[in-house]
Amino acid sequence: MSFPLLTATAALPAIGAIATAAVPAARRTAAKWLALLVSLATLALAIVVLVRFDPDGARYQLTESHAWIADFGVRYELGVDGIGVALLALTALLIPFIILAGWHDADPLETGSRRWRPTQGFFALILAVEAMVIISFEATDVFLFYIFFEAMLIPMYFLIGGFGDRAHAGSDEKAAAQRSYAAVKFLLYNLVGGLIMLAAVIGLYVVAGNFSLQEIAEARANGSLDMATNTERWLFLGFFFAFAVKAPLWPLHTWLPNAMGEATAPVAVLITAVVDKVGTFAMLRFCLQLFPEASKWATPAIMVLAVISIIYGALLAVGQRDIKRLVAYASISHFGFIIMGIFAMTSQGQSGATLYMVNHGISTAALMLVAGFLISRRGSRLIADYGGVQKVAPVLAGTFLIGGLATLSLPGLAPFVSEFLVLVGTFARYPVIGIIATFGIVLAALYTLVLYQRTMTGPVKPEVSAMPDLRARELLVVAPLVVLLIFLGVYPKPVTDIVNPAVKSTMSDVHKKDPKPEVEAAK
């Protein structure tokens, strides 16, 4: 039997989480180094997966299949396609930066008081989330996917509710209440979505007799499994609702600004750059593949919701006074673009959406982590409390600008290519939706440049006059992300070569072809 590479990629951070949590309380630094080394080892395994994956080979590769709960047709089945392997690599890439950025975020504040923070637990929870996200990208058994789709909520709940940023240091009781509210809201929203999905998973088993994604999809394709129209639509809605909450899609988005605002900056990156990608990924893997006809039936409504998310998120970002909440609303707008690309049902739209998932993860990580470094220095998340930072911390201001320009999809930076593909793919089939969505780009330029102007330019405020520039550890976090943003901005081919064959297969699942351009013949 060949080495179970996919299992090892998910198991390593899970074992690392247990080992990190078991480090004695007095050995906090050892726990940090252990977590970092485990995350780097996981990245090395992810690179092996990436190298061994053949874009021109079978749709699902490095597959593993073992009996699990035989009486109910549940199997331990893993496999990655081009979309899954790209997001697996993104997750493994970002976790070491998240750990480095949060190096001191869980250090004790006042040992023996309510404000003591269990450092080992913080890093163990991050590794636990990584393990669950990775196996979610690998699972090809619907029930197996569901278990980890829901299980990742528990460590995220504790990361949001148990660890707040240092900007709240002066109001501990109020901060604890706000974190608790944000964590509970995150958990309840996602649990409701998960429970509805559970009903749909059970319904799928009743109809199909098993949980294997590949077997069900093949049966749908060859006609041996014929779902009634209403049954397929109800099952699709059950799955889509859970994924739309996770994504998040308007109007199911309201948990995200609270969660990102109250979490530490690294945990906020974990939420929006890693965990939320499971929702949009699952739309491609499960909704379109299992329920192709229902996906086409629901597309007009989903496109409307997506474009509302784009404009609504951008408008609310423009009016924000809190840096982290601004990034959260910007992410809601960006997820609208991703979902719009998925359901445009064109190869350009779906390739752009998948590329957008990767690029959004990198750009949001760069912007939010630099924002976290800024907030930790000043002790405030309010935009009005800053001014003139570029004069006292030019490197910090410069990296903040690059992260912001990537957020507004400046040509030459990674998100531009993906956003352009999404808009081209959408306009080819839904021109009105595509035109409206372009206003989201204008609003993105507005909220990003206003944020930079108010925080980094102008007179130096006394409170920031002694602000130090980025330190070596912080540069080690930000510099690789900036390099990736520039590299993928001018040369996205390494990613598109991996995801395009998977997108072609997805288009085949829903029996869609790209619309031909209507060009009047020259006379």
Side-chain angles (χ1 to χ4, degrees), residues 2 5-6 9 46-65 77-93 134 136-140 145 212-218 220-222 277-278 280-292 295-296 338-362 414 417-422 424-426 428-429 487-488 491-516:
S2 61
L5 186 56
L6 296 185
T9 309
I47 292 172
V48 174
V49 171
L50 197 60
V51 170
R52 291 190 58 183
F53 182 83
D54 180 9
D56 297 321
R59 180 172 187 175
Y60 292 102
Q61 301 178 32
L62 304 173
T63 56
E64 302 172 32
S65 181
E77 287 189 345
L78 304 180
V80 286
D81 61 358
I83 300 168
V85 80
L87 294 175
L88 186 156
L90 172 69
T91 301
L93 173 71
I134 286 175
S136 296
F137 292 141
E138 297 172 345
T140 56
F145 169 83
S212 174
L213 172 66
Q214 296 183 71
E215 289 183 16
I216 297 172
E218 288 173 6
R220 296 299 312 274
N222 62 31
K277 298 299 187 300
V278 178
T280 46
F281 162 80
M283 291 179 188
L284 278 165
R285 171 166 280 190
F286 295 102
C287 286
L288 270 60
Q289 193 169 345
L290 293 175
F291 315 111
S295 297
K296 291 186 284 187
I338 294 171
I339 295 170
M340 185 175 74
I342 291 171
F343 285 90
M345 302 294 184
T346 60
S347 58
Q348 299 98 327
Q350 291 188 357
S351 293
T354 305
L355 187 60
Y356 212 142
M357 291 186 225
V358 175
N359 292 337
H360 174 264
I362 299 170
V417 181
S418 43
E419 196 164 281
F420 177 79
L421 284 172
V422 166
V424 168
T426 301
R429 205 178 292 278
F487 175 77
L488 293 177
Y491 191 63
K493 190 174 183 294
V495 181
T496 55
D497 283 350
I498 292 173
V499 303
N500 282 345
V503 166
K504 184 179 179 181
S505 297
T506 304
M507 291 284 291
S508 177
D509 291 334
V510 292
H511 310 293
K512 282 283 190 178
K513 295 182 179 180
D514 291 330
K516 294 182 179 179

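Quantities reported herein were computed from a predicted structural model and do not represent experimental measurements.
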Applying side chain to side chain contact (heavy atoms under 4.5 Å, CB included), can you list everything that pairs with I498, at least two apart in sequence or on another chain? L50, F53, P55, V85
Heavy-atom pair of closest approach, residues A502 and G82: CB-N, 3.7 Å
For the pair R52 (side chain) and L62 (backbone), establish whether a donor and an acceptor sit closer than 3.5 Å, ignoring hydrogens and angles. no
Check whether any side-chain heavy atom of M345 sits under 4.5 Å from a side-chain heavy atom of S295, and report yes or no. yes
Measure the spacing between OG1 of T346 and CE of M507 and express it to the nearest 0.5 Å. 6.0 Å
Of all heavy-atom pairs between A344 and G425, which one has the smallest distance, and what is that distance? CB-O, 4.0 Å
Test item: Q350 side-chain N/O and I342 main-chain N/O as donor-acceptor pair under 3.5 Å: yes
Find the distance between CG (L93) and CG (L87) and round it off to the nearest 0.5 Å. 12.0 Å
Please report the closest heavy-atom contact between K277 and T280, naming both atoms and the distance. O-OG1, 3.2 Å
Rounded to the nearest 0.5 Å, how far apart are CD1 of I362 and NE2 of H360? 11.5 Å
Fit a plane to each ring of Y491 and F487, take the angle between them on a 0 to 90° scale, and name the class: parallel (under 30°), tilted (30 to 60°) or perpendicular (over 60°). perpendicular
Between the CZ atom in F286 and the OG1 atom in T140, the distance rounded to the nearest 0.5 Å is 8.0 Å
Residues which pass salt bridge (charged side-chain N to carboxylate O under 4.0 Å, His left out) with K504, listed by chain and number, not counting sequence neighbours: none
What pairs with D54 under side chain to side chain contact (heavy atoms under 4.5 Å, CB included), at least two apart in sequence or on another chain? D56, Q61
Are any non-hydrogen side-chain atoms of L284 and M357 less than 4.5 angstrom apart? yes
Any donor-acceptor pair under 3.5 Å linking the side chain of S351 with the backbone of Q348? no
So with a 6.0 Å cut-off around OH of Y60, is the heavy-atom count from everything else above 12? yes
Is there a donor-acceptor pair closer than 3.5 Å between any side-chain N or O of E64 and the backbone N or O of L6? yes
Would you indicate whether the side-chain heavy atoms of M283 and I338 approach each other to under 4.5 Å? no
How far apart are the closest heavy atoms of V422 and G349, and which atoms are they? CG2-O, 3.9 Å
Among all residues two or more places apart in sequence or in another chain, which pass the side chain to side chain donor-acceptor pair (under 3.5 Å) test with R59? Q289, D509
Nearest 0.5 Å, what's the CD-CG distance between E77 and L213? 9.0 Å
Once side chain to side chain donor-acceptor pair (under 3.5 Å) is applied, do any residues pair with T91, and if so which ones, sequence neighbours excluded? none
Evaluation steps, side chain to side chain contact (heavy atoms under 4.5 Å, CB included), between T496 and L355: CA-CA 7 Å; T496 55; L355 187 60; 4.1 Å; yes
Not counting sequence neighbours, which residues clear side chain to side chain contact (heavy atoms under 4.5 Å, CB included) with A46? List them please. L88, A92
Can you name the one residue among I83, D81, L290 that meets side chain to side chain contact (heavy atoms under 4.5 Å, CB included) with R285? D81
